[in-house]
Visitor: 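Supplied in structure tokens, the structure appears directly below.
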There are 2 protein chains.
Amino acid sequence: MSNRSQAIADMLTRAILDHRLVPGCKLGERELSEVFDVSRIVIRQALIRLADDGLAQIERNRGAFVARPSMQDAMEIYDALTLVEQGVAAQLSDRLGPAGWAELRQHVERQRQAVASGNDALADVLGQEFHTVFVRLSRNKVMQEIHAQLVRRTTLLRSLITADFDYCNLLDDHARVVELLEKGRLKPAMELIDAHHRSVVRGYIMDRQVFPELTPREALEPYLDGKSGEPPKPAPRKKAGENGAARAHAHVHAAK
Amino acid sequence: MSNRSQAIADMLTRAILDHRLVPGCKLGERELSEVFDVSRIVIRQALIRLADDGLAQIERNRGAFVARPSMQDAMEIYDALTLVEQGVAAQLSDRLGPAGWAELRQHVERQRQAVASGNDALADVLGQEFHTVFVRLSRNKVMQEIHAQLVRRTTLLRSLITADFDYCNLLDDHARVVELLEKGRLKPAMELIDAHHRSVVRGYIMDRQVFPELTPREALEPYLDGKSGEPPKPAPRKKAGENGAARAHAHVHAAK
DNA sequence: AACCACAGGATTGGATATCAATCAATGACA
DNA sequence: TGTCATTGATTGATATCCAATCCTGTGGTT
């Protein structure tokens, strides 16, 4: 029985990042209070947290909605992400010890094995984690939190775009960034990070509703039951073929 | 009659940034609800916003307190600030147009005039603003918000340290950064930004309670009355002589 | 005297009921 | 058909109440 509003904010965040709650979706206080079986006040506090995180937008006397970032927002978010990761790269190239480089190489290797063995889901998760591990090695919790927030917002963006690849799946880029940085070749590494993100934004075509709209009741059902841990559901795509999460790098290399 | 909790969060933020509410100060719900004449729930929501912003810390069943960042936190915040401003500098050196450079030069000039005419208070404000203007020229609202939050946290830090200079008052550094960047000399500019911030952190000596502790009731009194605008009160310093806000740059140049 | 245990007070976290203000949709009317 | 007013729904906010938890102070024990 701890912070209910934080727990609910976390669940809503997960649902948004899983593309189960799509941008523009109304987050009614009464409905959510029934879904989570708490009072409206707790919901309000959770929604304030989401809004502070950029994942929801609260309009006075109209209510809260899942944020619907504009194309401009998308570019700004990726610009900021690039700036942060480039800065972290510069710091790491100075300060990172052998153990850190080993962890990065090991992470890339684990993802390579996952790809080789056809475990696309695991590869996807590892690909996302790479960026987090990268920033974590800076040993700066403030930067970690800023970066994590930017990553959440990029994940939200992917609810709005058709390109069915994830920026975090570019295994080759990851490997090369680590290689370049370890050799002290900072500038090419930073340029690669920039290209890495730019290639994603270039692929953006914002057409509304890539994912099907679920009511909050339907969308949140998998999260609340027991407590946590078992059914992390991905969302089914609406159009444009495959699963979307898996098989990513191929497209990107073509896009370059 | 708009968002009361946001308005209250803003007032609390101002009070903290003015060093009227010092780190560790208890922010009791009942007391604040009486001060602002609102219900406890509105106060809770405001405190959640402050906590999300890193200015307050909420401990379960104990209440909210003005955040008391550690030395480690201080270094991380300045590291992050350096990273952000260096990144923005790199972007500006590529993309900023003549009008932008003119605005920066003009801002430095205005501050120079303020210093020359002995208007230390204005010079201080302009010195703080420089960094904000700098980041605003990146035309990236996401970066602006991240930067603003980091600046707020550095301002909070200054409640805890004895060095009575403000990092934002280094007029010479500002002028030189603009000059170097405009000439395309990115690397020296970035190193200067780094030195700029490092010189501040080096001067940090964290001894508790640089500013006198006021009760929230006393601290907030100047903010709530009419509406806004007239009495932005600085806080009186506890020890170490002068006002603290004024006459800054002299010390810093000595410190280098 | 020092130390531990327990009880009481105070504060937070949360629920519920209620009211006012505002937005949106509906329907009446020209 | 177009415009305006009414109505319904939702949010913003309040007051009151209750449970859980923490802090403190008291008192007993060693």
Side-chain angles (χ1 to χ4, degrees), chain A residues 1-12 21 23-53 55-68 213-220 223-224 227-228, chain B residues 1-13 21 23-53 55-68 213-217 219-220 223-224 227-228:
Chain A
M1 282 164 219
S2 71
N3 245 358
R4 282 233 174 279
S5 70
Q6 183 63 64
I8 288 173
D10 289 344
M11 281 192 246
L12 289 170
L21 287 172
C25 176
K26 175 81 185 284
L27 300 172
E29 293 185 3
R30 173 182 291 284
E31 181 172 9
L32 292 179
S33 72
E34 288 170 5
V35 169
F36 290 109
D37 193 31
V38 294
S39 73
R40 270 177 56 207
I41 292 170
V42 178
I43 298 296
R44 273 259 265 300
Q45 291 165 356
L47 292 175
I48 287 175
R49 291 191 149 99
L50 252 69
D52 278 353
D53 213 36
L55 295 182
Q57 181 180 353
I58 298 177
E59 298 178 22
R60 170 162 180 86
N61 283 322
R62 298 235 16 251
F65 305 83
V66 178
R68 200 150 68 180
E213 176 137 17
L214 277 61
T215 70
R217 214 177 288 267
E218 299 164 343
L220 293 166
Y223 300 98
L224 34 79
K227 204 107 207 189
S228 69
Chain B
M1 285 160 220
S2 68
N3 245 358
R4 282 232 177 281
S5 71
Q6 182 64 64
I8 289 173
D10 290 343
M11 280 192 248
L12 289 171
T13 297
L21 288 171
C25 176
K26 174 82 184 283
L27 300 172
E29 294 184 4
R30 173 183 295 282
E31 182 171 9
L32 292 180
S33 72
E34 288 170 6
V35 169
F36 289 109
D37 194 32
V38 296
S39 71
R40 272 177 54 206
I41 289 170
V42 178
I43 298 297
R44 277 254 269 296
Q45 291 163 355
L47 292 176
I48 287 175
R49 288 182 207 271
L50 253 70
D52 278 352
D53 212 37
L55 295 182
Q57 180 180 352
I58 299 177
E59 298 178 22
R60 170 158 181 86
N61 282 321
R62 299 235 15 249
F65 306 82
V66 178
R68 199 151 65 182
E213 177 138 19
L214 276 61
T215 70
R217 212 178 289 266
L220 294 165
Y223 300 98
L224 35 79
K227 207 114 209 178
S228 68

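Heavy-atom basis, side chains included; hydrogens, waters and symmetry copies ignored. The shown structure was predicted, so the numbers you read here are calculated from the model rather than taken from an experiment. Chain letters run A, B, ... following the sequence lines, proteins first and then strands; every chain starts at 1.
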Visitor: Check whether any side-chain heavy atom of F36(B) sits under 4.5 Å from a side-chain heavy atom of R4(B), and report yes or no.
Guide: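 Contact flag for F36(B)/R4(B) side chains = no.
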Visitor: Does I8(B) reach the side chain of L47(B), with side-chain heavy atoms less than 4.5 Å apart?
Guide: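 SC-SC contact between I8(B) and L47(B) ruled out.
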Visitor: What is the distance from CZ of F36(B) to C1' of dG12(D), rounded to the nearest Å?
Guide: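 One finds 18 Å between C1' of dG12(D) and CZ of F36(B), rounded.
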Visitor: Could you pull out all residues at least two apart from D53(B) that satisfy salt bridge (Lys or Arg N to Asp or Glu O under 4.0 Å)?
Guide: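 With sequence neighbours excluded, D53(B) shows a salt bridge (Lys or Arg N to Asp or Glu O under 4.0 Å) to R152(B), given in chain and number order.
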Visitor: Nearest 0.5 Å, what's the NZ-CG distance between K26(A) and L32(A)?
Guide: 9.5 Å
Visitor: Whole Å only: how far is the CD atom of Q6(A) from the C1' atom of dT12(C)?
Guide: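 Atom CD in Q6(A) sits about 17 Å away from atom C1' in dT12(C).
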Visitor: Whole-Å distance between dT11(D) C1' and Q57(A) CD?
Guide: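 Atom-to-atom, Q57(A) to dT11(D), this comes out as 15 Å.
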Visitor: To the nearest 0.5 Å, what is the distance between CG (L12(A)) and OG (S5(A))?
Guide: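 One gets 11.0 Å once the value is rounded to the nearest 0.5 Å.
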Visitor: Provide, to the nearest angstrom, the distance between the CD atom belonging to E34(A) and the C1' atom belonging to dA15(C).
Guide: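 Rounded to the whole Å, the gap is 15 Å.
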Visitor: Please list, for nucleotides 8-11 of chain C, all pairs of protein and nucleotide N/O atoms separated by less than 3.5 Å.
Guide:
none

Visitor: Starting from P on dA24(C), measure out to CD on E59(A) and report it in whole angstrom.
Guide: 9 Å
Visitor: Drop me the distance from E29(B)'s CD to I43(B)'s CD1, to the nearest 0.5 angstrom.
Guide: 8.0 Å
Visitor: Of all residues at least two apart in sequence or in a different chain, which pass the side chain to side chain contact (heavy atoms under 4.5 Å, CB included) check with A9(B)?
Guide: Q6(B), A46(B), R49(B), L50(B)
Visitor: V66(B) versus L27(B): any side-chain heavy-atom pair under 4.5 Å?
Guide: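 Side-chain contact under 4.5 Å: yes.
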Visitor: Does R30(A) have any side chain to side chain contact (heavy atoms under 4.5 Å, CB included) partners at least two apart in sequence or in another chain, and if so, which?
Guide: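 Applying side chain to side chain contact (heavy atoms under 4.5 Å, CB included) to R30(A) gives E34(A).
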Visitor: Is there a side-chain contact between L21(A) and F65(A), using heavy atoms and a 4.5 Å cut-off?
Guide: no
Visitor: Name every residue in residues 38-48 of chain B that has at least one heavy atom under 4.0 Å from any atom of DNA chain C, in order of residue number, or write none if there are no such residues.
Guide: R40(B), R44(B)
Visitor: Taking side-chain hydrogen bond (donor to acceptor under 3.5 Å, both in side chains) as the test, write out the residues that go with Q57(B), two or more places apart.
Guide: none
Visitor: Measure from CZ on R60(B) to P on dA19(D) and round the result to the nearest Å.
Guide: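 Distance check: R60(B) CZ to dA19(D) P gives 16 Å.
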Visitor: For DNA chain C, what string of dots and brackets results from 5' to 3' when Watson-Crick and G-U pairs need both distances under 3.5 Å, crossing pairs get [ ], and pairs with another strand get |?
Guide: ||||||||||||||||||||||||||||||
Visitor: Whole Å only: how far is the CG atom of L32(A) from the P atom of dG14(C)?
Guide: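 Spelled out: CG on L32(A) to P on dG14(C) is 16 Å.
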